[in-house]
There are 2 protein chains.
Amino acid sequence: MNSGSVGRGRPRSVERRRAILDAAAELALGSQTLPTMDAIATRAGVSRTTLYKWWPSSAAVLLEGLLERFHASIEFDDDLPVRAALTAQVDALVHLLRDTPAGRLLRQLMSASITDAATATALLDQWMEPRRHAAIHHLERGMTIGEIRPGTDTALVVDALFAPAYHRLIWGHAPLDDDLAEHVCALVWPAITT
Amino acid sequence: MNSGSVGRGRPRSVERRRAILDAAAELALGSQTLPTMDAIATRAGVSRTTLYKWWPSSAAVLLEGLLERFHASIEFDDDLPVRAALTAQVDALVHLLRDTPAGRLLRQLMSASITDAATATALLDQWMEPRRHAAIHHLERGMTIGEIRPGTDTALVVDALFAPAYHRLIWGHAPLDDDLAEHVCALVWPAITT
DNA sequence: CATATAGTGAACAATATGTCCATGAATTCG
DNA sequence: CGAATTCATGGACATATTGTTCACTATATG
């Protein structure tokens, strides 16, 4: 709430917040299941009461840590050609999901999203939509310069580009290959170019 | 285990099994979260011990019910042209996810899959793989008759076709439109035809 | 009959949850 | 300084779910 403003009473401890976010991430990465509030508190060396004061659930703790750690992970380069820019975005996601903790954390958060509407809203608004919007931006740029066919269903194209990566993250039926982004873009490209 | 074979002792009650599967589905459909073993047992009018005897978790109960109810939901028509056959498969999935209980049940099972390896394996083997295989069949048929470009990455194409539907089911950021299947196929088609 | 398997109901320990309260700690304002 | 305010602690509490165990009853086969 008032993390930034200088309030009246004792200021919130940034160290404890850090310790909590880190503990949550470490616990989540070492397990298939969401950490419990209890386990996070113990690991962070903090009382359970403090956790419940600032977060409603362990998923909320995890999400805040994820967003803070990967907020700058959206590729956004208007100097690149449209196809290269889109490929770079999908490629960044593929590597994020495969090679960083974000993949494992997102898996658990997506699981939590299904049973917890608050997590679902937060994850959609703060993780998914910014990335979708960045991709749509390039598609609209492509339509402006006449490279992408006008009238293209950008929402659909974005899903076609990104869904396979999330799909493989969730189901694990096929690997997140290095060339997945390139191949997915190649698959969609002929249908959307003029 | 021995559901079919005529064993030595008291035979398993098919009525109780039915009541349990139905109770689990009803509870799941009326809630965002997986039902508890307790709730299923109570609703089915059965002792909790019986549940634990036959299923390890409520997700397993739910999955068995889902597979039994929708085992025949794979469109498979070799008389159709390849593109029509694939579109029909995607379209069947879209309507299944949107208009039948399968959608809500699958959401919860996918959530459970992330935290429970046994559920993940069962769901992948018994739900996802048969559908993927049916789609790959048509793609290979298309390659044989020279309609689909040889060397096509069938695994990737199948993901591109089906992932958007699951993606929208999970994230809920866009609707499962009536024409989603058609549009997704149209998006992929130019890249895979000869 | 004996034997074997299914189902019941109750109990149990172990975990989590979410909330409460009394207390102490750190900071600002008058 | 003292008062007000907010943060943090630790313990307690009722509640719920899990997974197992046990003694018992029910229904089948040979």
Review point. Where the side chain of A:Arg107 meets the backbone of A:Gly103, is there a donor-acceptor pair that is under 3.5 Å apart?
Key: no
Review point. Can you find a side-chain donor-acceptor pair between B:Ser111 and A:Ser111 that sits under 3.5 Å?
Key: yes
Review point. What one-letter contact string describes nucleotides 19-28 of chain D from 5' to 3', where B marks a base within less than 4.0 Å of any protein heavy atom, S marks contact via sugar-phosphate atoms alone, and - marks no contact?
Key: BBB----BBB
Check your understanding: Are the charged groups of A:Asp22 and A:Arg43 less than 4.0 angstrom apart, N to O?
Key -> no
Check your understanding: Hey, which of these two, A:Arg16 or B:Ala39, hits DNA chain D nearer its 5' end, going by closest nucleotide?
Key -> A:Arg16
Review point. Through what angle, rounded to 10 degrees, does the axis of the helix from C:dC1-D:dG30 to C:dG30-D:dC1 turn between its ends, using five pairs per end?
Key: 10°
Check your understanding: Under 4.0 Å between a side-chain N/O of A:Ser47 and OP1 or OP2 of D:dT9, yes or no?
Key -> yes
Practice item. Provide, to the nearest angstrom, the distance between the CZ atom belonging to A:Arg12 and the C1' atom belonging to D:dT9. Key: 16 Å
Review point. Of the residues in residues 20-36 of chain B, which ones touch DNA chain C at a heavy-atom distance under 4.0 Å?
Key: none
Point to revise | Residues A:Glu147 and A:Arg141 bridged, charged N to O under 4.0 Å | key: no
**Study point:** Polar side chain donor-acceptor pair, A:Asp177 to A:His183, under 3.5 angstrom
**Key:** no
Practice item. Establish, with yes or no, whether the OP1 or OP2 oxygen of D:dA8 is under 4.0 angstrom from a side-chain nitrogen or oxygen of A:Lys53. Key: no
Check your understanding: Can you tell me if A:Thr87 uses its side chain to pair, donor with acceptor, with the backbone of A:Arg83 under 3.5 Å?
Key -> yes
Check your understanding: Side-chain N or O of A:Trp54 less than 4.0 angstrom from OP1 or OP2 on D:dC7?
Key -> no
Practice item. Verify whether one side chain among B:Thr154 and B:Thr152 offers a donor that lies under 3.5 Å from an acceptor in the other. Key: no
